[in-house]
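For reference, the structure is listed below as structure tokens.
Since the structure is predicted, the reported quantities are computational estimates derived from the model, not experimental observations. Numbering of ligands and ligand atoms starts at 1, following listing order.
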Amino acid sequence: MRGKVALITGGGQGIGLAIAHALAAEGCDVVITGRTLSTLKKSATQLAKYKVQVMPVVCDVRDEDAVAAMVAAARKKFQRLDVVINNAGVAHESLPVAKLPLEAWRQVIDTNLTGTFLVTRAALPLMKRGGTIVNNLSIAAKTAFPNMAGYVAAKHGALGLTKTLREELRPKGIRVIALMLGAVDTDIWDSFWPGAPRRRMMSPRTVASAVVNALRLPEDGSVDELVITGAAGPV
Ligand SMILES: NC(=O)c1ccc[n+]([C@@H]2O[C@H](COP(=O)([O-])OP(=O)(O)OC[C@H]3O[C@@H](n4cnc5c(N)ncnc54)[C@H](OP(=O)(O)O)[C@@H]3O)[C@@H](O)[C@H]2O)c1
């Protein structure tokens, strides 16, 4: 991965930050984005130890103009992107459809589905043959969980986007991976299950090592779906 450039949305914390660490440890330059400058700065300081170039950029993936500006800044510094990790995501409070506020629904669809579309569309002109897009979906891209309709719908939709993109990009030699994770120990759980048994969950580092392995696959092969569940079983 040395000398390659990766864009990781939501790269300031959780799974995105773990992937940023794993890629930077391989010598990859990283662009990390999110809405919170203080978090991005702190994470960029941690990543400096790998002696790669680290570019923190504030960007709300729901905002078309902010996404365009973020990609333009990456283009100015690196001229290209080899890897795009669409990881930024939110969940919503655990509520049945009958009680789910429209605002909560919109927030999740706009971030997890439309955000993935906006970032991918803006980043594609910087990608070339041999590049890889990883969309961090969830096992909720294929399985329904009661009281999580917005999240499940967004992830099912993002799987549809991912599969379409894979077919569109196949002739260009750009691979598209659907990352489908079981429970991972991150702060996202606080928004819908604050008392979740986080100790039973996978570490973000475990996920990151699998992602890096998938990215290392020679160009004549492609990991279409990377499904990683916790060895301890569902939480
Ligand atoms: N943890 C799990 O069990 C699990 C399982 C399956 C899939 N996933 C998926 O993994 C991804 C990462 O989540 P995580 O578990 O690492 O949770 P997390 O620690 O809460 O991280 C979420 C990241 O997304 C960023 N983000 C949220 N809204 C954003 C927006 N509108 N624009 C830009 N960035 C935004 C956050 O940064 P800011 O708040 O600073 O913007 C943060 O960096 C999500 O897509 C999630 O659905 C997680």
Pairs meeting criterion ring pair (Phe, Tyr, Trp, His ring centres under 6.0 Å) with involvement of residues 1-59, two or more places apart: His21-Tyr50

Using a 4.0 Å heavy-atom threshold (strictly under), name the region of [X] that reaches ligand 1: side chain, backbone, both or neither.
X	result
Leu137	backbone
Val184	both
Lys155	side chain
Cys59	backbone
Leu181	both

Considering distance alone, does some N or O of [X] sit under 3.5 Å from an N or O of ligand 1?
X	result
Thr33	no
Asp185	no
Gly10	yes
Gly16	no
Asp60	yes
Ala183	no
Ser138	no

[X] versus [Y]: any side-chain heavy-atom pair under 4.5 Å?
X	Y	value
Pro101	Glu93	no
Gln13	Asp187	yes
Lys155	Asn112	yes

Contact list for residues 25-52, test salt bridge (charged side-chain N to carboxylate O under 4.0 Å, His left out), sequence neighbours left out: Glu26-Arg216

Protein contact of atom 40 (O) of ligand 1 - nearest heavy atom, named by residue and atom, plus distance: Thr36 OG1, 2.5 Å

Which residue and heavy atom of the protein sit nearest atom 5 (C) of ligand 1, plus the separation: Gly182 O, 3.3 Å

Interatomic distance, Asn87 atom CG to Leu137 atom CG [nearest 0.5 angstrom]: 10.5 Å

Nearest option to atom 22 (C) of ligand 1, as decided by whichever heavy atom of Gly89, Gly14, Ala158, Gly34 sits closest: Gly89

Per atom 38 (P) of ligand 1, closest listed option by heavy atom (Gln13, Met180, Arg35): Arg35

Test log, rule side-chain contact (heavy atoms from CB on, under 4.5 Å), inputs Met180 and Lys142: CA-CA 9 Å; Met180 288 185 271; Lys142 288 190 175 176; 4.1 Å; yes

Within 6.0 Å of CZ in Arg80, more than 12 heavy atoms from elsewhere: yes

From Leu81, Ile133, Val119, Val84, residue fulfilling side-chain contact (heavy atoms from CB on, under 4.5 Å) relative to Leu124: Ile133

Ionic contact status for Arg121 with Glu64, cut-off 4.0 Å: yes

Within-shell test, Ala18 vs ligand 1, heavy atom, strictly < 4.0 Å: no

